[in-house]
2 protein chains.
Amino acid sequence: MAKYHHGDVRNVLLQKAETILTDEGPTGLSLRRLARMTGVSEAAPYRHFDGKDGILAAVAISAFERFAQKLEDVAATVTKHEDRIMALGTAYVGFAIENPQHFRLIFGRERPPLDQYPELRDAADNAFDVVQRAVTSVDRKADMTLSQAATAYNRALAAWSRAHGIAMLVIDGMIVPPADINLDDFVLGLLAEDLNHPEPA
Amino acid sequence: MAKYHHGDVRNVLLQKAETILTDEGPTGLSLRRLARMTGVSEAAPYRHFDGKDGILAAVAISAFERFAQKLEDVAATVTKHEDRIMALGTAYVGFAIENPQHFRLIFGRERPPLDQYPELRDAADNAFDVVQRAVTSVDRKADMTLSQAATAYNRALAAWSRAHGIAMLVIDGMIVPPADINLDDFVLGLLAEDLNHPEPA
DNA sequence: TTGATAATGTTAACAAAGTTAACATAAGAA
DNA sequence: TTCTTATGTTAACTTTGTTAACATTATCAA
(Lines give C-alpha, C1' and ligand atoms only; values in the text may rest on other atoms or scores of the structure.)
Protein backbone atom coordinates (compact mmCIF):
# COMPACT_ATOMS: atom_id res chain seq x y z
CA MET A 1 0.00 0.00 0.00
CA ALA A 2 1.25 3.42 0.90
CA LYS A 3 4.61 1.98 1.65
CA TYR A 4 6.62 4.50 -0.27
CA HIS A 5 6.04 8.16 -0.26
CA HIS A 6 4.78 10.89 -2.51
CA GLY A 7 6.71 12.41 -5.33
CA ASP A 8 7.20 15.91 -4.03
CA VAL A 9 9.36 15.24 -1.04
CA ARG A 10 11.91 17.93 -1.75
CA ASN A 11 9.40 20.73 -1.55
CA VAL A 12 7.62 19.34 1.46
CA LEU A 13 10.93 19.00 3.28
CA LEU A 14 11.92 22.53 2.42
CA GLN A 15 8.58 23.89 3.53
CA LYS A 16 8.75 22.00 6.80
CA ALA A 17 12.33 23.08 7.35
CA GLU A 18 11.21 26.64 6.83
CA THR A 19 8.54 26.47 9.51
CA ILE A 20 10.79 24.63 11.93
CA LEU A 21 13.45 27.27 11.51
CA THR A 22 10.93 30.04 12.02
CA ASP A 23 9.39 28.47 15.09
CA GLU A 24 12.34 26.94 16.86
CA GLY A 25 15.48 28.23 15.26
CA PRO A 26 18.24 26.13 13.78
CA THR A 27 18.63 24.16 17.00
CA GLY A 28 15.38 22.35 16.39
CA LEU A 29 16.24 21.68 12.79
CA SER A 30 17.68 18.19 12.69
CA LEU A 31 17.57 16.13 9.55
CA ARG A 32 16.09 13.12 11.25
CA ARG A 33 13.40 15.07 13.02
CA LEU A 34 12.61 16.93 9.85
CA ALA A 35 12.22 13.62 8.04
CA ARG A 36 10.04 12.23 10.80
CA MET A 37 7.81 15.29 10.86
CA THR A 38 7.48 15.12 7.11
CA GLY A 39 6.42 11.50 7.38
CA VAL A 40 9.31 10.18 5.41
CA SER A 41 12.18 7.87 6.21
CA GLU A 42 15.10 9.33 8.08
CA ALA A 43 17.48 8.95 5.18
CA ALA A 44 15.15 10.32 2.53
CA PRO A 45 16.40 13.92 2.76
CA TYR A 46 19.77 12.78 1.49
CA ARG A 47 18.15 11.96 -1.84
CA HIS A 48 17.17 15.60 -2.27
CA PHE A 49 19.76 17.61 -0.44
CA ASP A 50 23.45 17.57 0.10
CA GLY A 51 23.12 16.65 3.75
CA LYS A 52 22.28 19.16 6.41
CA ASP A 53 24.26 21.98 4.88
CA GLY A 54 22.39 21.39 1.68
CA ILE A 55 19.07 22.05 3.34
CA LEU A 56 20.39 25.05 5.22
CA ALA A 57 21.77 26.40 1.96
CA ALA A 58 18.41 25.99 0.27
CA VAL A 59 16.61 27.76 3.09
CA ALA A 60 19.22 30.50 3.12
CA ILE A 61 18.89 31.01 -0.61
CA SER A 62 15.16 31.52 -0.40
CA ALA A 63 15.65 33.85 2.55
CA PHE A 64 18.17 35.89 0.58
CA GLU A 65 15.72 36.11 -2.26
CA ARG A 66 12.88 37.36 -0.10
CA PHE A 67 15.26 39.78 1.51
CA ALA A 68 16.48 41.15 -1.80
CA GLN A 69 12.96 41.35 -3.10
CA LYS A 70 11.82 43.42 -0.17
CA LEU A 71 14.74 45.79 -0.54
CA GLU A 72 14.22 46.10 -4.24
CA ASP A 73 10.56 46.92 -3.79
CA VAL A 74 11.36 49.65 -1.32
CA ALA A 75 14.13 51.05 -3.46
CA ALA A 76 11.83 51.19 -6.44
CA THR A 77 9.10 52.95 -4.51
CA VAL A 78 11.12 55.78 -3.03
CA THR A 79 12.64 58.02 -5.63
CA LYS A 80 14.47 60.74 -3.73
CA HIS A 81 18.00 59.65 -3.03
CA GLU A 82 18.35 60.46 0.66
CA ASP A 83 14.91 59.15 1.40
CA ARG A 84 15.75 55.98 -0.38
CA ILE A 85 18.80 55.32 1.74
CA MET A 86 16.73 55.73 4.87
CA ALA A 87 13.84 53.68 3.55
CA LEU A 88 16.25 50.91 2.62
CA GLY A 89 17.73 50.98 6.08
CA THR A 90 14.41 50.64 7.78
CA ALA A 91 13.38 47.89 5.39
CA TYR A 92 16.65 46.10 6.13
CA VAL A 93 16.10 46.27 9.85
CA GLY A 94 12.43 45.49 9.37
CA PHE A 95 13.23 42.26 7.60
CA ALA A 96 15.60 41.28 10.36
CA ILE A 97 13.00 41.93 13.03
CA GLU A 98 10.25 40.14 11.15
CA ASN A 99 12.48 37.19 10.27
CA PRO A 100 15.12 37.02 12.94
CA GLN A 101 15.85 33.35 12.41
CA HIS A 102 16.32 33.75 8.71
CA PHE A 103 18.37 36.87 9.15
CA ARG A 104 20.70 35.08 11.50
CA LEU A 105 20.87 32.09 9.24
CA ILE A 106 21.88 34.36 6.39
CA PHE A 107 24.60 36.14 8.32
CA GLY A 108 25.45 33.80 11.12
CA ARG A 109 27.78 30.92 11.42
CA GLU A 110 25.30 28.19 10.63
CA ARG A 111 25.15 29.48 7.09
CA PRO A 112 26.92 26.94 4.89
CA PRO A 113 30.17 28.17 3.33
CA LEU A 114 29.48 30.36 0.32
CA ASP A 115 32.25 28.80 -1.73
CA GLN A 116 30.64 25.40 -1.46
CA TYR A 117 27.24 26.55 -2.66
CA PRO A 118 27.52 28.76 -5.74
CA GLU A 119 23.81 29.46 -5.81
CA LEU A 120 24.01 30.62 -2.25
CA ARG A 121 26.86 32.92 -3.12
CA ASP A 122 24.87 34.29 -6.02
CA ALA A 123 21.86 34.91 -3.83
CA ALA A 124 24.04 36.72 -1.32
CA ASP A 125 25.81 38.79 -3.94
CA ASN A 126 22.52 39.74 -5.50
CA ALA A 127 21.06 40.93 -2.21
CA PHE A 128 24.04 43.14 -1.54
CA ASP A 129 24.08 44.45 -5.05
CA VAL A 130 20.57 45.68 -4.47
CA VAL A 131 21.72 47.55 -1.41
CA GLN A 132 24.72 48.97 -3.10
CA ARG A 133 22.99 49.98 -6.29
CA ALA A 134 20.18 51.66 -4.43
CA VAL A 135 22.51 53.53 -2.13
CA THR A 136 25.05 54.62 -4.68
CA SER A 137 22.69 55.38 -7.51
CA VAL A 138 22.66 59.10 -7.28
CA ASP A 139 20.71 60.33 -10.23
CA ARG A 140 23.61 61.83 -12.11
CA LYS A 141 25.98 58.92 -12.04
CA ALA A 142 27.64 59.24 -15.42
CA ASP A 143 29.51 62.45 -14.74
CA MET A 144 30.92 61.38 -11.39
CA THR A 145 34.64 61.64 -10.92
CA LEU A 146 36.53 58.64 -9.70
CA SER A 147 36.87 60.04 -6.25
CA GLN A 148 33.17 60.77 -6.16
CA ALA A 149 32.47 57.20 -7.08
CA ALA A 150 34.77 56.01 -4.34
CA THR A 151 32.96 58.19 -1.86
CA ALA A 152 29.64 56.86 -3.05
CA TYR A 153 30.88 53.35 -2.50
CA ASN A 154 32.02 54.21 0.97
CA ARG A 155 28.68 55.70 1.75
CA ALA A 156 27.01 52.53 0.64
CA LEU A 157 29.17 50.53 3.01
CA ALA A 158 28.51 52.96 5.81
CA ALA A 159 24.77 52.86 5.29
CA TRP A 160 24.83 49.13 5.07
CA SER A 161 26.88 48.80 8.23
CA ARG A 162 24.52 50.97 10.18
CA ALA A 163 21.44 49.08 9.18
CA HIS A 164 23.20 45.81 9.82
CA GLY A 165 24.38 46.84 13.24
CA ILE A 166 20.97 48.01 14.31
CA ALA A 167 19.38 44.86 12.97
CA MET A 168 21.82 42.60 14.77
CA LEU A 169 21.67 44.39 18.09
CA VAL A 170 17.90 44.59 18.06
CA ILE A 171 17.23 40.95 17.25
CA ASP A 172 19.86 40.06 19.81
CA GLY A 173 17.98 41.98 22.45
CA MET A 174 20.92 44.27 23.11
CA ILE A 175 18.97 47.24 21.86
CA VAL A 176 15.37 47.31 22.96
CA PRO A 177 13.31 49.66 20.80
CA PRO A 178 11.11 51.84 23.01
CA ALA A 179 7.53 50.63 22.93
CA ASP A 180 6.04 54.10 22.90
CA ILE A 181 7.34 55.21 19.55
CA ASN A 182 7.03 53.80 16.08
CA LEU A 183 9.65 51.20 15.31
CA ASP A 184 10.48 52.63 11.91
CA ASP A 185 10.88 56.07 13.39
CA PHE A 186 13.22 54.69 15.99
CA VAL A 187 15.32 53.03 13.34
CA LEU A 188 15.27 56.15 11.23
CA GLY A 189 16.52 58.12 14.17
CA LEU A 190 19.45 55.81 14.67
CA LEU A 191 20.27 55.72 10.99
CA ALA A 192 20.24 59.48 10.65
CA GLU A 193 22.13 60.31 13.83
CA ASP A 194 25.16 62.33 12.89
CA LEU A 195 28.11 61.49 15.06
CA ASN A 196 30.17 64.35 13.76
CA HIS A 197 28.36 66.93 15.82
CA PRO A 198 30.57 67.26 18.85
CA GLU A 199 27.77 67.86 21.35
CA PRO A 200 24.26 66.48 21.52
CA ALA A 201 21.94 69.26 20.45
CA MET B 1 49.41 5.64 40.67
CA ALA B 2 48.45 8.48 38.42
CA LYS B 3 45.05 6.97 38.05
CA TYR B 4 43.11 10.07 38.87
CA HIS B 5 43.90 13.49 37.63
CA HIS B 6 45.32 16.75 38.89
CA GLY B 7 43.46 19.24 40.98
CA ASP B 8 43.18 22.11 38.58
CA VAL B 9 41.00 20.58 35.91
CA ARG B 10 38.60 23.48 35.63
CA ASN B 11 41.26 25.93 34.60
CA VAL B 12 42.97 23.54 32.24
CA LEU B 13 39.66 22.80 30.57
CA LEU B 14 38.87 26.47 30.21
CA GLN B 15 42.26 27.21 28.78
CA LYS B 16 41.98 24.37 26.31
CA ALA B 17 38.47 25.39 25.35
CA GLU B 18 39.79 28.86 24.70
CA THR B 19 42.44 27.70 22.29
CA ILE B 20 40.10 25.28 20.55
CA LEU B 21 37.60 28.06 20.03
CA THR B 22 40.26 30.36 18.68
CA ASP B 23 41.71 27.79 16.34
CA GLU B 24 38.68 25.93 15.10
CA GLY B 25 35.62 27.84 16.11
CA PRO B 26 32.76 26.48 18.17
CA THR B 27 32.25 23.60 15.76
CA GLY B 28 35.39 21.91 16.99
CA LEU B 29 34.49 22.50 20.58
CA SER B 30 32.87 19.32 21.81
CA LEU B 31 32.85 18.37 25.44
CA ARG B 32 34.16 14.91 24.83
CA ARG B 33 36.95 16.03 22.60
CA LEU B 34 37.85 18.79 25.00
CA ALA B 35 38.04 16.24 27.79
CA ARG B 36 40.16 13.89 25.69
CA MET B 37 42.54 16.65 24.68
CA THR B 38 42.86 17.71 28.26
CA GLY B 39 43.71 14.16 29.23
CA VAL B 40 40.77 13.69 31.48
CA SER B 41 37.77 11.40 31.38
CA GLU B 42 34.93 12.33 29.10
CA ALA B 43 32.53 13.03 31.91
CA ALA B 44 34.92 15.06 34.00
CA PRO B 45 33.89 18.46 32.59
CA TYR B 46 30.46 17.97 34.11
CA ARG B 47 32.01 18.22 37.55
CA HIS B 48 33.22 21.71 36.80
CA PHE B 49 30.74 23.15 34.36
CA ASP B 50 27.05 23.15 33.80
CA GLY B 51 27.33 21.07 30.65
CA LYS B 52 28.32 22.52 27.34
CA ASP B 53 26.50 25.79 27.83
CA GLY B 54 28.34 26.16 31.07
CA ILE B 55 31.69 26.08 29.35
CA LEU B 56 30.54 28.37 26.58
CA ALA B 57 29.25 30.77 29.19
CA ALA B 58 32.58 30.76 30.99
CA VAL B 59 34.47 31.43 27.77
CA ALA B 60 32.00 34.13 26.79
CA ILE B 61 32.38 35.81 30.16
CA SER B 62 36.12 36.04 29.85
CA ALA B 63 35.75 37.31 26.30
CA PHE B 64 33.35 40.00 27.45
CA GLU B 65 35.83 41.00 30.10
CA ARG B 66 38.71 41.33 27.69
CA PHE B 67 36.47 43.22 25.34
CA ALA B 68 35.31 45.64 28.01
CA GLN B 69 38.85 46.09 29.23
CA LYS B 70 40.08 47.05 25.80
CA LEU B 71 37.29 49.56 25.34
CA GLU B 72 37.85 51.00 28.74
CA ASP B 73 41.53 51.45 28.08
CA VAL B 74 40.86 53.27 24.86
CA ALA B 75 38.17 55.43 26.39
CA ALA B 76 40.52 56.41 29.18
CA THR B 77 43.31 57.32 26.82
CA VAL B 78 41.42 59.62 24.49
CA THR B 79 40.04 62.66 26.20
CA LYS B 80 38.34 64.71 23.52
CA HIS B 81 34.76 63.62 23.18
CA GLU B 82 34.40 63.21 19.43
CA ASP B 83 37.76 61.55 19.17
CA ARG B 84 36.78 59.17 21.89
CA ILE B 85 33.69 58.02 20.05
CA MET B 86 35.74 57.28 16.98
CA ALA B 87 38.54 55.63 18.91
CA LEU B 88 36.02 53.45 20.67
CA GLY B 89 34.50 52.44 17.38
CA THR B 90 37.80 51.41 15.89
CA ALA B 91 38.70 49.53 19.05
CA TYR B 92 35.36 47.78 18.91
CA VAL B 93 35.90 46.69 15.34
CA GLY B 94 39.52 45.92 16.08
CA PHE B 95 38.57 43.49 18.80
CA ALA B 96 36.14 41.78 16.48
CA ILE B 97 38.76 41.39 13.78
CA GLU B 98 41.43 40.18 16.17
CA ASN B 99 39.08 37.79 17.93
CA PRO B 100 36.41 36.87 15.44
CA GLN B 101 35.50 33.62 17.14
CA HIS B 102 35.08 35.25 20.49
CA PHE B 103 33.19 38.14 19.03
CA ARG B 104 30.74 35.81 17.35
CA LEU B 105 30.44 33.74 20.49
CA ILE B 106 29.55 36.84 22.42
CA PHE B 107 26.93 38.05 19.98
CA GLY B 108 25.94 34.97 18.06
CA ARG B 109 23.47 32.27 18.68
CA GLU B 110 25.79 29.85 20.36
CA ARG B 111 26.01 32.19 23.29
CA PRO B 112 24.12 30.60 26.17
CA PRO B 113 20.96 32.45 27.19
CA LEU B 114 21.79 35.47 29.34
CA ASP B 115 18.94 34.82 31.73
CA GLN B 116 20.36 31.44 32.61
CA TYR B 117 23.82 32.73 33.42
CA PRO B 118 23.66 35.82 35.62
CA GLU B 119 27.42 36.30 35.51
CA LEU B 120 27.26 36.25 31.76
CA ARG B 121 24.54 38.85 31.81
CA ASP B 122 26.63 40.98 34.15
CA ALA B 123 29.64 40.71 31.90
CA ALA B 124 27.55 41.73 28.91
CA ASP B 125 25.92 44.62 30.70
CA ASN B 126 29.26 45.83 31.90
CA ALA B 127 30.75 45.83 28.41
CA PHE B 128 27.87 47.85 27.03
CA ASP B 129 27.93 50.22 29.93
CA VAL B 130 31.50 51.02 29.02
CA VAL B 131 30.41 51.87 25.51
CA GLN B 132 27.50 53.91 26.63
CA ARG B 133 29.32 55.80 29.34
CA ALA B 134 32.18 56.64 27.05
CA VAL B 135 29.91 57.79 24.27
CA THR B 136 27.45 59.75 26.35
CA SER B 137 29.86 61.25 28.80
CA VAL B 138 30.08 64.70 27.40
CA ASP B 139 32.08 66.69 29.85
CA ARG B 140 29.25 68.86 31.09
CA LYS B 141 26.77 66.20 31.97
CA ALA B 142 25.14 67.68 35.05
CA ASP B 143 23.41 70.54 33.34
CA MET B 144 21.95 68.51 30.48
CA THR B 145 18.26 68.77 29.92
CA LEU B 146 16.19 65.64 29.73
CA SER B 147 15.93 65.86 25.98
CA GLN B 148 19.65 66.37 25.70
CA ALA B 149 20.15 63.23 27.74
CA ALA B 150 17.79 61.34 25.47
CA THR B 151 19.69 62.55 22.46
CA ALA B 152 22.95 61.50 24.04
CA TYR B 153 21.54 58.05 24.64
CA ASN B 154 20.42 57.83 21.06
CA ARG B 155 23.82 58.83 19.88
CA ALA B 156 25.35 56.09 21.97
CA LEU B 157 23.07 53.55 20.35
CA ALA B 158 23.83 54.93 16.91
CA ALA B 159 27.57 54.82 17.44
CA TRP B 160 27.34 51.35 18.87
CA SER B 161 25.24 50.13 15.95
CA ARG B 162 27.69 51.44 13.43
CA ALA B 163 30.68 49.83 15.03
CA HIS B 164 28.77 46.62 15.47
CA GLY B 165 27.62 46.52 11.89
CA ILE B 166 31.07 47.14 10.52
CA ALA B 167 32.51 44.51 12.82
CA MET B 168 29.97 41.91 11.82
CA LEU B 169 30.17 42.52 8.11
CA VAL B 170 33.95 42.53 8.11
CA ILE B 171 34.44 39.32 10.05
CA ASP B 172 31.74 37.79 7.92
CA GLY B 173 33.69 38.65 4.80
CA MET B 174 30.87 40.75 3.41
CA ILE B 175 32.96 43.87 3.64
CA VAL B 176 36.57 43.42 2.62
CA PRO B 177 38.76 46.24 3.91
CA PRO B 178 41.03 47.47 1.13
CA ALA B 179 44.55 46.21 1.61
CA ASP B 180 46.18 49.42 0.52
CA ILE B 181 44.97 51.62 3.34
CA ASN B 182 45.26 51.38 7.07
CA LEU B 183 42.51 49.30 8.63
CA ASP B 184 41.78 51.77 11.38
CA ASP B 185 41.52 54.56 8.87
CA PHE B 186 39.10 52.54 6.82
CA VAL B 187 36.94 51.92 9.86
CA LEU B 188 37.16 55.55 10.84
CA GLY B 189 35.97 56.54 7.42
CA LEU B 190 32.94 54.32 7.68
CA LEU B 191 32.15 55.47 11.19
CA ALA B 192 32.37 59.13 10.30
CA GLU B 193 30.49 58.99 7.03
CA ASP B 194 27.54 61.33 7.26
CA LEU B 195 24.54 59.96 5.46
CA ASN B 196 22.62 63.18 5.73
CA HIS B 197 24.53 64.88 2.98
CA PRO B 198 22.35 64.30 -0.04
CA GLU B 199 25.18 63.96 -2.55
CA PRO B 200 28.61 62.42 -2.24
CA ALA B 201 31.09 65.28 -1.93
C1' DT C 1 5.08 -3.98 -24.43
C1' DT C 2 9.28 -4.96 -22.57
C1' DG C 3 13.30 -4.27 -20.19
C1' DA C 4 17.35 -1.63 -18.81
C1' DT C 5 18.57 2.39 -16.15
C1' DA C 6 18.18 6.20 -13.26
C1' DA C 7 15.59 8.31 -9.58
C1' DT C 8 13.67 7.88 -5.29
C1' DG C 9 12.50 5.27 -0.93
C1' DT C 10 13.53 2.24 2.81
C1' DT C 11 16.00 -0.12 6.63
C1' DA C 12 20.17 -0.92 9.11
C1' DA C 13 24.35 0.22 10.65
C1' DC C 14 28.28 3.40 12.36
C1' DA C 15 30.64 6.99 14.79
C1' DA C 16 30.37 11.09 17.46
C1' DA C 17 28.18 14.00 20.66
C1' DG C 18 25.55 15.54 25.13
C1' DT C 19 24.10 13.82 29.27
C1' DT C 20 23.26 11.08 33.40
C1' DA C 21 23.75 7.21 36.67
C1' DA C 22 26.54 4.30 39.41
C1' DC C 23 30.60 3.70 41.38
C1' DA C 24 35.69 4.90 43.19
C1' DT C 25 38.88 7.72 45.44
C1' DA C 26 40.68 11.77 47.47
C1' DA C 27 40.51 15.60 50.87
C1' DG C 28 38.85 17.79 54.97
C1' DA C 29 35.94 18.47 58.94
C1' DA C 30 33.94 16.31 63.10
C1' DT D 1 39.43 7.88 62.89
C1' DT D 2 35.23 8.39 60.47
C1' DC D 3 31.73 10.84 58.03
C1' DT D 4 30.90 13.87 54.28
C1' DT D 5 31.82 16.28 50.23
C1' DA D 6 34.39 17.12 46.10
C1' DT D 7 36.29 15.21 42.24
C1' DG D 8 37.26 11.34 39.03
C1' DT D 9 36.06 7.33 36.40
C1' DT D 10 33.44 3.99 33.50
C1' DA D 11 29.31 2.63 31.35
C1' DA D 12 25.18 3.36 29.65
C1' DC D 13 21.29 5.94 26.87
C1' DT D 14 19.52 9.06 23.41
C1' DT D 15 19.97 11.88 19.41
C1' DT D 16 22.16 13.23 15.32
C1' DG D 17 24.69 13.13 10.75
C1' DT D 18 25.93 10.06 7.40
C1' DT D 19 26.55 6.11 4.44
C1' DA D 20 25.79 1.39 2.64
C1' DA D 21 22.80 -2.06 0.96
C1' DC D 22 18.64 -3.11 -0.71
C1' DA D 23 13.60 -2.18 -2.75
C1' DT D 24 10.46 0.18 -5.61
C1' DT D 25 9.04 3.31 -9.02
C1' DA D 26 9.56 6.10 -13.30
C1' DT D 27 11.47 6.88 -17.62
C1' DC D 28 12.30 5.81 -22.00
C1' DA D 29 14.56 3.36 -25.87
C1' DA D 30 14.17 -1.05 -28.41
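Throughout, protein chains are lettered first and strands after them, A, B, ... in sequence-line order, and every chain is numbered starting at 1.
- D:dT16 atom P lies 11 Å from atom CE of A:M37, rounded to whole Å.
- Judged by distance alone, the side chain of A:R33 and the main-chain N or O of A:G28 form a donor-acceptor pair under 3.5 Å.
- Between the CG atom of A:L34 and the C1' atom of D:dT15 there is a distance of 15 Å, rounded to whole Å.
- For B:S30 and C:dG18, the shortest distance from a side-chain N or O to OP1 or OP2 is below 4.0 Å.
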Practice task
Just do the side-chain contact (heavy atoms from CB on, under 4.5 Å) check on B:M168 and A:F107 with the steps written out, would you?
Solution key: CA-CA 9 Å; B:M168 278 290 182; A:F107 287 105; over 6 Å; no

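- One atom, CG of A:D53, and another, C1' of D:dT16, lie 14 Å apart when rounded to the nearest Å.
- Between the CG atom of A:D8 and the P atom of D:dA26 there is a distance of 14 Å, rounded to whole Å.
- C:dA17 atom C1' lies 12 Å from atom CG of B:L29, rounded to whole Å.
- Nearer the 5' end of DNA chain D, as judged by each residue's closest nucleotide, is the contact made by A:R36, out of A:R47 and A:R36.
- Taking 4.0 angstrom as the limit, B:S41 places none of its side-chain polar atoms (N or O) nearer than this to OP1 or OP2 of D:dG8.
- With C:dG9, D:dG17, C:dT19 as the choices, the nucleotide that has an atom nearest any side-chain atom of A:K52 turns out to be D:dG17.
- Relative to the side chain of B:H48, the nucleotides C:dA17, D:dT18, D:dT7 differ in distance, and D:dT7 lies closest.
- Distance, A:Y46 OH to C:dC14 P: 17 Å, rounded to whole Å.
- Between the side chain of B:K52 and the backbone N or O of B:L29 there is at least one donor-acceptor pair closer than 3.5 Å.
- Atom CZ in A:F49 sits roughly 16 Å away from atom C1' in D:dT18 (whole-Å rounding).
- Checked against side-chain hydrogen bond (donor to acceptor under 3.5 Å, both in side chains), B:R111 has the following partners two or more places apart in sequence or in another chain: A:D172.
- Where B:L31 and A:A44 each meet DNA chain C at their nearest nucleotide, the meeting point lying more 5' is that of A:A44.
- Which of C:dA21, C:dA17, D:dT19 sits closest to the side chain of B:R33 comes down to C:dA17.
- Rounding to whole angstrom units, CZ of residue B:R10 and C1' of D:dG8 are separated by 17 Å.
- A salt bridge is defined here as a Lys NZ or Arg NE, NH1 or NH2 lying under 4.0 Å from an Asp or Glu carboxylate O, and B:E98 with B:K70 meets this definition.
- Checking C:dG18, D:dA11, D:dG17 against the side-chain heavy atoms of B:A43 singles out D:dA11 as nearest.
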